[in-house]
Each structure stands twice: as structure tokens, then as C-alpha cells.
2 protein chains.
Amino acid sequence: MDKKDLFNQFVAFTTAVHQVTHELTQNVKIDNITPVQYKILEYIKVSQPVTPTEISDCQHMSLPNTSRELRKLQERKFIEKISDTEDRRKHYVCLTKTGEKIMEDAFACIEERFQQLIQYSSKKDLEDIHNALNILDEKVFNTKS
Amino acid sequence: MDKKDLFNQFVAFTTAVHQVTHELTQNVKIDNITPVQYKILEYIKVSQPVTPTEISDCQHMSLPNTSRELRKLQERKFIEKISDTEDRRKHYVCLTKTGEKIMEDAFACIEERFQQLIQYSSKKDLEDIHNALNILDEKVFNTKS
DNA sequence: TCCATTACTTATCATTTGATAATAAAATAA
DNA sequence: TTATTTTATTATCAAATGATAAGTAATGGA
């Protein structure tokens, strides 16, 4: 296994992943929500409660810009902020009922397309996919260094 | 293998892929180039020659906006356009010597970080990664429907 | 107590990106 | 030939995003 070849394969693979991700998410259409705002909601959905600082770090955006987008999302009642009782500088961000609803719809929409993608896969195929995901996750993509 | 579980695993996996992709590319710093322009150059690099229409389709941007960014890249002598001798409406976009140079540097930088990522992988690990990439590519990400 | 640090916010400005209308030139179909 | 379609461009405007300065409030250490 030549490491150079593996790199080329890796590049082609990540390109394909980005392509498929785009296809799966492209028909998720939340009214008047920007891509950055959607990304933030998605992150909150899977990681809540989170602080603005955590969002800022994970989404690679400055804290002031994060704060601005969170304010917009809060104004639209998609999220709410609760201050920490221990450290009152900290705020915990959560989805509201409305926010949960739209994100569940969004995920349902994505899952539907995903299920289409694997609709003709055999039981063995699904096992193979599962194992392959595990291997890559463990050996390449989740090496918390 | 529950398909719902597989979806959840898939979501976590694609998130990790995006995260790692970001880490690998973040220190590629080409002077005064915007993210969109970099994406275009990357696409040209691996697919040249390409037409503006193809770039427009693959990068999910309108033809006018594609044209604008290509003009900027051409002004900076990173790309050049050659019109088709058969169909003179068509233009083929290629990297110039300068363009090739900066993209080779960019890829070298990414590859260096990738090699760090797998530096402690055994021969068997590399084989496993290679096989896993193949399986996912074949069974999930390259189902040209 | 005083000072430095942390978490977050507000405000502002520049740049990037997206959307759309209008145009031109070449190819193709009627 | 004329009309239609395709490919690409230019121009313009709006919106999204990024960068930075300044400020507030709470915390924690000296």
C-alpha cells in the first residue's frame, strides 16, 4: 500500500463525500435561514447544550459573529440561552420547541434521501458499510490528536 | 444492521470527514484567494480541461458568478481559457504554469498533513483503510444515479 | 482590594458571495 | 433564412460573512 496512492484515494473520497453531503442536504429548505445559521442549528441539535464559545470553535467563526447569528436565531425563537448558575458569564444554548421541530424535519428529509441511497443494498452490503465506517472513523477521522 | 442506526453513524462520519478536511486544508494559504476561488482551482486542477459550464454545475454556482471568478483568476494569471475549435462558444479552462505551481504546493501541504495523520498506521491498518475507502466509495458515495 | 482574564455582546466596516437582467456570439433546428 | 437554444459575458444590486474595535460583567488570582 503506497502512501502516496492512499492520499490520492483519500482526496477523491473526501470530494465524493462532500458531493453526496451536498446532494442529501440540498432540498432541506428552512425558510430564510442562511447556510451558516443552518450549520449552527445542526451543531446545537446534536451537541446541546453548548456555549457560544464552543459554537465559535467548532464552526470556525469569531465569537462576535457567532453572537450575531445566535441573536438572529433567538429572535426567530429557534434557540434560547440559559446562563450558567455556577459561572454567570457562561450561556448555554438550546433549541426551543420550534427549533427542535424544524431540525427534526430537516434530519428526516436528509434521512429519507439517505435511505434512497442505500435502498438496494443487501444485508451484507449494509454490514460492510457499517464496518467500513467504523474502520475509517477509528483509523483516520477520529484520531483526536 | 438497523438502517436508522446506519444513518446516525453516517451523519457522525460525514461530520468527522468535514472536520478533518478542514484541518488538512486550513493552513493552505494562497495569497489573496477566496474560498470559492480555491475550490474552483482545485476542481480545475483535478479535472482540466473544463468548461465554465462544468465548473458552474460542479461548484453549484451560477454561470455569471462563475464567469466573474474565472475572470479574476485569469487576471492573476492562474488560469487561461482556450476556445474550442469545433464549437466556438465553448471555452476550455486550464491552469497556467503559475496556477499549476500554486496548486501543487497546496496539495503538497495537504498531503504532508495527511501523512502525519496516518504516520503511526501499520501496514495492515493502511490496507484496512484502503479497503474501507473502496467499499464506501463503491456502495455509498459513488452511486452515480 | 486590585488586576488580569474569560465569556459574551454590540457596533461597524469591508469583502465575498448570490441573484438577476441584459447582451453577444455561435450553433442548431424549423 | 429565420427562430431558438446554448455558452458565456458584463453589469448591478442585495445579502451573507468575515474582521476588528470597544465595552460589559463575572471570575479568579495576587
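We name chains A, B, ... by the order of the sequence lines, and we start the count at 1 in each one.
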Can you see whether [X] engages [Y] through a side-chain donor-acceptor pair at a distance of less than 3.5 angstrom?
{"X": "A:Q9", "Y": "B:D137", "result": "no"}
{"X": "B:Q19", "Y": "B:E23", "result": "yes"}
{"X": "A:Q59", "Y": "A:E42", "result": "no"}

In whole angstrom, what separates [X]'s [atom1] from [N]'s [atom2]?
{"X": "A:K72", "N": "C:dC8", "atom1": "NZ", "atom2": "P", "result": "19 Å"}
{"X": "B:N32", "N": "C:dA14", "atom1": "CG", "atom2": "P", "result": "17 Å"}
{"X": "B:E86", "N": "C:dA27", "atom1": "CD", "atom2": "C1'", "result": "12 Å"}
{"X": "A:D87", "N": "D:dA25", "atom1": "CG", "atom2": "C1'", "result": "11 Å"}
{"X": "A:E75", "N": "C:dT9", "atom1": "CD", "atom2": "P", "result": "12 Å"}
{"X": "B:I82", "N": "D:dT7", "atom1": "CD1", "atom2": "C1'", "result": "17 Å"}
{"X": "A:L70", "N": "C:dA7", "atom1": "CG", "atom2": "C1'", "result": "13 Å"}
{"X": "B:H91", "N": "D:dT9", "atom1": "NE2", "atom2": "C1'", "result": "9 Å"}

Anything under 30° is parallel, anything over 60° is perpendicular, the rest tilted; go ahead and classify B:F141 against A:F13.
-> perpendicular
In terms of the angle between their ring planes, are B:F114 and A:F7 parallel, tilted or perpendicular, with boundaries placed at 30° and 60°?
-> tilted
By the 4.0 Å heavy-atom rule, please label [X] as base, sugar-phosphate, or nothing.
{"X": "A:Q37", "result": "nothing"}
{"X": "A:P35", "result": "sugar-phosphate"}
{"X": "B:T51", "result": "sugar-phosphate"}
{"X": "A:R71", "result": "sugar-phosphate"}

Do A:N65 and D:dA19 have a side chain to base donor-acceptor pair shorter than 3.5 Å?
-> yes
Report yes or no: is there a donor-acceptor pair, N or O only, under 3.5 Å between the side chain of A:R89 and the base of D:dG28?
-> no
Checking contacts here: which listed nucleotide ([options]) is nearest the side-chain heavy atoms of [X]?
{"X": "A:P64", "options": "C:dT10, D:dT12, D:dT27", "answer": "C:dT10"}
{"X": "B:S67", "options": "D:dT10, C:dA26, D:dT7", "answer": "D:dT10"}
{"X": "A:S62", "options": "C:dC8, D:dA19, C:dT17", "answer": "D:dA19"}

Side-chain N,O ([X]) to OP1/OP2 ([N]) below 4.0 Å:
{"X": "A:H60", "N": "D:dG18", "result": "no"}
{"X": "B:K81", "N": "D:dT9", "result": "yes"}
{"X": "A:T34", "N": "D:dT17", "result": "yes"}

Do you reckon B:I135 sits in the same ILVMFWY cluster as A:L126, going by side-chain contacts under 4.5 Å, direct or chained?
-> no
Position toward the 5' end of DNA chain D (nearest nucleotide), B:L63 or A:M61 = B:L63
